[in-house]
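Side chains included, hydrogens not; waters and symmetry mates left out as well; all remaining heavy atoms used. In what follows, chains are A, B, ... by sequence order, proteins preceding strands, each numbered from 1.
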Amino acid sequence: MTTVDIPAGWPATEEEARAVQDGLRARVVLDEPGPPPGTGYVTGVDVAYDDERDVVAAAAVVLDAASLEVVAEATAVGRISFPYVPGLLAFREMPTVLAALDALPRPPGLVVCDGYGLAHPRRFGLASHLGVLTGLPTIGVAKNPFTFTYDDPGAPRGAASPLLAGDDEVGRALRTRAGVKPVFVSVGHRVTLDVACAHTLALTPQFRLPETTRRADSLCRRALQEATTTSA
DNA sequence: GCGACAG
DNA sequence: ATCTTGTCGC
């Protein structure tokens, strides 16, 4: 497990953070299909917080895309780098997530984020942000529709409907388990929405949320517990 | 101006 | 995100 410092020059205000998003947004690549689902590696990243102690823990878990077995994992802990502000989540998670990815013993392949990519007030959610900073293909799979609207997809697994920001399709509500609340998929970087949804379905053979985020979620919680329980 | 709002 | 055990149900 590695320890991270907040990068020098990290945005300190909402205004600065929004300016960073506006400056980076043009670097998002949307015309690449992305890695084919079911092959290579897929990595889940997630973060857990202890606001009381100002501690954040991130985890990156690499799965074999075909078997969904864990082949590598890494964690990082640091100080909370930004308050939670809807639309600025990336500034809260990025430094620690980047450190966890760096600590991985092998390339991550496609990265699956817990949150949004293109589906964002300025079309630059944390998945897009992470993709631009790392150059990796990324997607976002969120548990809530945020400020967007959608028609409920049909009940069967695989059913989907557009996630809308006004008239723009910024993502998709995707049913990963029959009769269960859908997840909300959006493109991050270097992946197509169709491919992002295909990956999401490949990663949810049994549960609503992708195996990648389930694995990363439990790992970062353990890392946080350890960092909080252990002295120092 | 007020409320809602990824994690 | 986080506070939080057992319990109802497939």
Checklist entry - Which part of the nucleic acid, if any, lies within contact of A:Ala48, taking any heavy atom under 4.0 Å across all strands shown: a base, the sugar-phosphate backbone alone, or nothing? => result sugar-phosphate

Checklist entry - Roughly, in whole Å, what's the span from CZ in A:Phe146 to P in B:dC5? => result 10 Å

Next on the checklist: For a quick test of reading the model: is some side-chain N or O of A:Arg92 closer than 4.0 Å to OP1 or OP2 of B:dA6?
Outcome noted: no

Checklist entry - Just how far, in rounded Å, is P of C:dT2 from CZ of A:Arg53? => result 14 Å

Item to check | Given A:Arg215, A:Arg214, A:Arg221, the one that forms side chain to side chain contact (heavy atoms under 4.5 Å, CB included) with A:Asp217 | outcome: A:Arg221

Checklist entry - Do A:Phe184 and A:Phe148 have ring centres separated by under 6.0 Å? => result no

Checklist entry - Base, sugar-phosphate, or nothing for A:Gly140, non-hydrogen atoms under 4.0 angstrom? => result nothing

Checklist entry - Rounding to a whole Å, what distance do you find between A:Leu163:CG and B:dA6:C1'? => result 11 Å

Next on the checklist: In this structure, is the centre-to-centre distance between the rings of A:His129 and A:Phe91 below 6.0 Å?
Outcome noted: yes

Item to check | Touch class at under 4.0 angstrom, heavy-atom based, for A:Leu88 against every strand present | outcome: base

Next on the checklist: Rounded to whole Å, please give me the gap between CG in A:Leu224 and P in C:dT2.
Outcome noted: 7 Å

Checklist entry - What is the nucleic acid contact for A:Asp46, judged by heavy atoms within less than 4.0 Å: base, sugar-phosphate only, or nothing? => result sugar-phosphate

Item to check | Derivation of the side-chain contact (heavy atoms from CB on, under 4.5 Å) call for A:Tyr41 and A:Val71 | outcome: CA-CA 9 Å; A:Tyr41 297 101; A:Val71 299; 3.7 Å; yes

Checklist entry - Whole-Å distance between C:dC3 P and A:Arg221 CZ? => result 9 Å

Checklist entry - Could you state the CD-C1' distance from A:Glu52 to C:dA1, rounded to the nearest angstrom? => result 13 Å

Next on the checklist: For the residue pair A:Arg27 and A:Phe124, would you count it as a cation-pi contact if the rule is NZ or CZ under 6.0 angstrom from the ring centre and within 45 degrees of the ring axis?
Outcome noted: no

Checklist entry - Would one find a side-chain N or O of A:Asn144 under 4.0 angstrom from OP1 or OP2 of B:dG7? => result yes

Checklist outcome for this item: note: A:Tyr49, atom OH; C:dC3, atom P; distance rounded to Å ~ 14 Å

Checklist entry - Reckon A:Lys143 has a side-chain N or O less than 4.0 Å from the OP1 or OP2 of B:dG7? => result yes

Checklist outcome for this item: To the nearest angstrom, the CG-P distance between A:Asp51 and C:dT2 comes to 9 Å

Item to check | Side chain of A:Thr147 - closest among B:dA6, B:dC5, B:dG7 | outcome: B:dC5

Checklist entry - Under the criteria of a ring-centre distance below 5.5 Å and an interplanar angle below 30°, is A:Tyr84 stacked with the base of C:dA1? => result no

